[in-house]
Amino acid sequence: MNEKNREALKSAVIEFKSDEVGGLVDQALKAGNKPLEILEALNEGLAVVGEKYENGEYFLSQLFMAADTMKMSLDILQPALALDSGEAESQGKLVLGTMEGDIHDFGKNTLSILLMASGIEVFDLGVDVSPVKFVEEFQKTNADVIGISALLSTTQPTSERVIKELEARGLRDNVKVILGGSGVSKGAVERFGVDAAVSDAAEGVRIINSWMKVNRK
Amino acid sequence: MTMTARERLLTTLDHQEPDRVPCMMYLNIDLLAKIRKHYGLKTNEEVYQKLSFGGGWEGGDMGTFAELSPPRAWKPTPHDIQLEEMTGWPKDGMMGYTWCEEWGIERKIAKKLPGAEHAQFFFAKFPWEQFDEVEQVEEAEFPDLDALGRWDMTERLVKETKDKCIVWADLQHTLWAKAWALRGMHKFMEDLHKRPKMADAILDKLLDYWCDATDTFLDLGCDGVCLCEDLATNHSLFIPPAMWVKYFKQRYKTLFDRVKKRDGFIFFHSDGNITPIVEDLVDIGIDLLNPVQPECMDPFEIKRKYGDKITVSTGCSVQMTLPFGTVEDVKRESLYALKHLAPGGGFCYGTSHEARSEVPVENILALYDTMKKYGNYPMKIEGYFPLMT
């Protein structure tokens, strides 16, 4: 792919040009570019958005708009990726849900879109998900990571029940568990036994991606 | 001399030192039940009475909050009844709360956690989500302010409590929070970024409505207005500060000018980290900023920079110290705040937001015991108090 097209795809995500991104992906495909190359260019844009969010230059609405732009581009790119077998290889699997007792889902949904854009298969269980359900879904999908969303301090401690359930089934060493939510502090790792605790979606994406990379090695 | 809650908060808002630091009390129904059991009390009013040094109502010294009442002819829907039962909102308490959703916003209710009386709910269906045209917004109907019974709660609270405490007109979700509740968070963010005419139409419609409502609230004797806007996550604002200024600053000012013209006060509540726009809020005349959550913002910096213009209403962390800390952690955090923030007035303290069922009773009692013992003016607190991390 030439540099100009690459930059156009990248900046479409950074500047969340949702009206243009579909056309750009289509053009790039018609010009004979490999779907995976197109995905890489889009992902570069998304990585810049994540950095801008983490350094305070971008805000949540911009993160969401960029994720939405990415989702629109993937809707067009996915069939080509699927046809190009071997190239659409999964980058890892995540079981995701909002913890039992809570139904907030904005952060969870943003994380889900961002991860899907990275090529990760997301098994989204929705909201108000019981600890047993998280573990059962992990067993069913053989996921690499369980992602628990818990905005409320009331429901954060329930993440410990996911850990206990994994331990009871002898599965704790087979999976990483991340707890996320606006009010989640780093102390949650020690408190509830999860592997990571994050307070925003961008940080969650970074950590989950790093775990997936290690798993793929 | 002991002041009434009214005198105490008025003195605080005037940046003078009252008899003691006004106490903010925001306890959820399951925590109230735990405290009732601990003390062998029968009613929540008795709990408030016991903890708030005799204040005796939800909110502690902060006052009472008058909402728009449902019309007298209103018949609760099965969903309203379910919400009332599942969420445990008191029907017959001091606030006289009766669930009434007249805006068409639907909520989803989560499963109750083991041992809890209270279930979490959140917005799930947004009545304006499918609107494509500005005209649809302009033609949409809002709850009728002239409906018979609309002002019952306001009239009652003014009559029954204004001699004891401040009575706030509770506008609740006003512009930002009501706009996304009607439109959906995603859709409203798209409006702000990509469809400015739609965003303007929604915000203008809400502003007109709340200006009209505010006039009546003040006519009936409310001392000021309280807005609950929740503009941020712990990390940052939902939207860029420049976008907030573009869409919201002038609109809030229009509303606030209306209140100020009648010598009313502005109580501005927003969860999360709103540091980048505090100066703008001070510029347009807020009197009290709440809850300045200590895990999101720096209340010490806010008090240092703006303490001569606004009252800082903050509290012990409901996300970390109260639920997960020890009694000693709670005492230390409270003493540190009282020592550094209370001198000179313009300061309220208590729970930094709603303290929920996971908070141990001994922690919440430690907070109010510390306030009782050390929250009296003039402040006499010595020592160093390392904080929980």
Side-chain angles (χ1 to χ4, degrees), chain A residues 15-19 52-69 71 98-107 109-110 113 126-130 133 150-158 161 181-188 190-192 198-203, chain B residues 28 30-31 107-114 116 118-124 180 184-186 188-194 231-244 271-273 275-276 293 295-296 317-325 353-359 388-389:
Chain A
E15 293 162 32
F16 33 90
K17 296 175 186 163
S18 52
D19 302 336
K52 282 177 182 281
Y53 179 73
E54 289 205 74
N55 69 25
E57 195 182 331
Y58 266 18
F59 290 78
L60 201 58
S61 65
Q62 290 153 307
L63 187 66
F64 162 71
M65 295 295 288
D68 207 37
T69 306
K71 191 164 173 266
T98 298
M99 181 48 81
E100 181 177 271
D102 192 3
I103 48 181
H104 291 86
D105 62 2
F106 187 78
N109 292 345
T110 307
I113 296 172
V127 297
D128 208 5
V129 179
S130 72
K133 179 80 184 157
L151 178 73
L152 309 167
S153 50
T154 315
T155 54
Q156 285 174 34
T158 313
R161 284 172 43 206
S182 188
V184 170
S185 65
K186 297 289 172 210
E190 198 180 326
R191 224 170 273 136
F192 311 126
V198 296
S199 60
D200 73 76
E203 191 187 358
Chain B
N28 102 332
D30 287 319
L31 183 56
R107 289 150 176 86
K108 188 173 176 180
I109 306 168
K111 287 193 282 285
K112 286 186 188 183
L113 289 171
H118 173 273
Q120 181 63 35
F121 62 90
F122 200 56
F123 305 119
W180 81 253
M185 175 76 90
H186 294 184
F188 189 56
M189 282 181 174
E190 284 175 7
D191 292 339
L192 293 168
H193 281 281
K194 304 237 166 185
L231 300 164
T233 68
N234 275 33
H235 181 78
S236 62
L237 290 166
F238 282 106
I239 61 174
M243 179 174 270
W244 183 85
D271 291 4
N273 180 8
T275 306
Q293 289 175 269
E295 56 285 285
C296 310
S317 168
V318 296
Q319 289 183 347
M320 196 159 69
T321 320
L322 280 169
F324 305 125
H353 204 287
E354 184 183 41
R356 303 171 64 91
S357 56
E358 68 279 11
V359 173
M388 185 184 174
T389 53

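The sequence lines fix the lettering, A, B, ..., with proteins before strands; numbering per chain opens at 1.
The aromatic ring centres of A/Phe106 and B/Phe123 sit 6.0 Å or more apart.
Looking at A/Asp102, the atoms closer than 4.5 Å to chain B (heavy atoms on both sides) sit in the backbone and in the side chain alike. Of the two parts of B/Glu295, neither the backbone nor the side chain holds a non-hydrogen atom closer than 4.5 Å to a non-hydrogen atom of chain A. Looking at B/Val359, there are no atoms closer than 4.5 Å to chain A (heavy atoms on both sides), in backbone or side chain. A/Tyr53 touches chain B through backbone and side chain together, each having a heavy atom under 4.5 Å away. Contact annotation for A/Leu63: neither backbone nor side-chain heavy atoms come within less than 4.5 Å of a heavy atom of chain B. Looking at A/Thr158, the atoms closer than 4.5 Å to chain B (heavy atoms on both sides) all sit in the side chain, from C-beta outward. Contacts of A/Val127 with chain B are made by side-chain atoms alone, with heavy-atom separations under 4.5 Å and no backbone atom involved. With a 4.5 Å cut-off on non-hydrogen atoms, A/Ser185 touches chain B through its side chain but not through its backbone.
For the residue pair B/Lys111 and A/Ser130, no side-chain donor N or O sits within less than 3.5 Å of a side-chain acceptor on the partner.
Rounded to the nearest 0.5 angstrom, A/Gln156 CD and B/Met320 CE are separated by 11.0 Å. Distance check, rounded to the nearest 0.5 Å: CG of B/Asp30 to OG1 of A/Thr154 gives 8.5 Å. For the atom pair OG (A/Ser182) and CG (B/Asn273), the distance works out to 9.5 Å, reported to the nearest 0.5 Å.
For the pair B/Ile109 and A/Asp128, the tightest heavy-atom approach, listed with the atom from each and the gap, is O-OD2, 4.4 Å. Shown here for B/Phe324 and A/Ser153, the closest heavy-atom pair between the two residues is CZ-O, 3.9 Å. Closest approach of B/Phe122 and A/Ile103 over heavy atoms only: N-CD1, 3.1 Å. Contact between A/Leu152 and B/Arg356 at its shortest, heavy atoms only, is CD1-NH2, 3.8 Å.
Note on B/Ala124, B/Ser357, B/Cys296, B/Pro241: by heavy-atom pairs under 4.5 Å with chain A, the leading option is B/Pro241. Contact count against chain A (heavy-atom pairs under 4.5 Å) is highest for B/His186 among B/Lys194, B/His186, B/Gln293. Comparing B/Ala232, B/Pro240, B/Ser236 by heavy-atom pairs within less than 4.5 Å of chain A, the highest count is held by B/Pro240.
Screening residues 56-69 of chain A for salt bridge (Lys or Arg N to Asp or Glu O under 4.0 Å), with sequence neighbours left out, gives A/Lys52-A/Glu57.
Contact of the B/Thr233 side chain with the A/Asp200 side chain is not registered, since no non-hydrogen atoms from C-beta on lie closer than 4.5 Å. The shortest distance between side-chain heavy atoms of A/Phe64 and B/Met185 does not fall below 4.5 Å.
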